[in-house]
Amino acid sequence: MTLHRAEKVIIITEKLISKGVCDIIEACGATGYTIVPAGGKGNRNIRPTSSRASVIDDFANVKIEVIVNGKEIAEKIMNEVADQFFQNYPGITYVEDVEILRPKKF
Amino acid sequence: MTLHRAEKVIIITEKLISKGVCDIIEACGATGYTIVPAGGKGNRNIRPTSSRASVIDDFANVKIEVIVNGKEIAEKIMNEVADQFFQNYPGITYVEDVEILRPKKF
Amino acid sequence: MTLHRAEKVIIITEKLISKGVCDIIEACGATGYTIVPAGGKGNRNIRPTSSRASVIDDFANVKIEVIVNGKEIAEKIMNEVADQFFQNYPGITYVEDVEILRPKKF
């Protein structure tokens with residue numbers, strides 16, 4: 001087996017705009033993504049997470065992850081999401097190096 | 001304090017088979033893992049995540065993370081999970097470099 | 001566009017102490033963090049995650065992520081969290097290299 005270098009783009013933003021973000025991801029050519037519920041605190045956004053009773057509302061943000069082949073498509077996704085949404089919605093985006101099994105799937 | 005290099009293996013797949021995946025992780029010698037609820041879209045799998053009412057069903061996938069010491073055990077886990085499950089279930093697996101505090105715990 | 005190197009600190013621990021951990025993060029100078037519900041198995045902690053009925057209790061742990069500028073602040077957060085909590089609560093902390101868009105936000 002060999003592992004192959006790839007990039008993982010991460011976008012953390014409001015659940016409300018997750019569909020729009022995923023549309024950009026697909027338009028940029030990625031064939032899949034993962035969405036995880038998230039809460040937290042950012043520059044323009046405070047969400048409490050310590051209260052057990054309201055656990056679902058606590059995670060009104062999302063963390064979206066996309067594995068792509070190449071820095072170019074990674075930066076394209078990041079730029080388009082930031083340009084289209086981060087003026088009006090809180091959000092951050094960053095990229096990490098990963099090594100994947102079965103790169104043919106991406 | 002010093003930080004120590006380690007590998008983080010990530011497996012994203014259906015919640016249904018999470019126990020089987022964790023059994024492989026433990027059989028390979030890892031002493032712990034983290035499971036996060038996940039949704040998303042992959043090559044053989046589409047899960048909507050925008051509807052608030054069905055938030056629990058939205059996250060019917062899982063993201064499993066394991067910190068291990070060495071690329072060899074990382075690749076062993078990745079290969080065994082792929083061989084045993086990824087013919088019949090959607091899933092991806094990849095590995096990242098991390099630096100951990102207190103490596104003696106792993 | 002240019003991407004800028006940064007560090008992502010990850011802390012996985014009990015939800016119960018998430019406020020204390022976030023207080024340390026803010027005291028160290030970070031301006032935001034992300035919290036994700038988590039379950040799993042560690043050296044001192046076993047939490048089942050396969051039962052659908054108890055999905056909320058399954059994720060009684062949290063995975064807290066913080067993007068910071070520089071290894072020094074990353075290590076400060078990791079050390080203070082470990083010193084203050086990891087004698088009495090299960091937890092792990094590690095750091096990853098990332099590249100972020102719009103570093104001015106951090």
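Chain letters run A, B, ... following the sequence lines, proteins first, then strands; residues in each count from 1.
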Which is it for A:Val81 and A:Thr93 under the side-chain contact (heavy atoms from CB on, under 4.5 Å) test, yes or no, and what are the steps along the way?
CA-CA 8 Å; A:Val81 168; A:Thr93 181; 5.6 Å; no
With rounding to the nearest 0.5 angstrom, report the CD1 to OH distance, A:Ile12 to C:Tyr33.
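It is 13.0 Å, given to the nearest 0.5 Å.
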Relative to chain C, which segment of A:Lys8 carries a heavy atom at a distance below 4.5 Å: side chain, backbone, both, or neither?
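Contact with chain C: none, neither part.
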Which answer fits A:Val36, side chain, backbone, both or neither, if we ask what part of it has an atom under 4.5 Å from a heavy atom of chain C?
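Looking at A:Val36, just its side chain touches chain C.
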Ion pair C:Glu80/C:Lys76, N-O distance below 4.0 Å:
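A salt bridge links C:Glu80 with C:Lys76.
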Please walk me through it: do C:Ile25 and C:Ile11 pass side-chain contact (heavy atoms from CB on, under 4.5 Å)?
CA-CA 10 Å; C:Ile25 289 168; C:Ile11 299 146; 4.2 Å; yes
Does any heavy atom of chain A fall under 4.5 Å from the side chain of C:Glu96, the backbone, both, or neither of them?
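For C:Glu96, side-chain heavy atoms alone lie under 4.5 Å from chain A.
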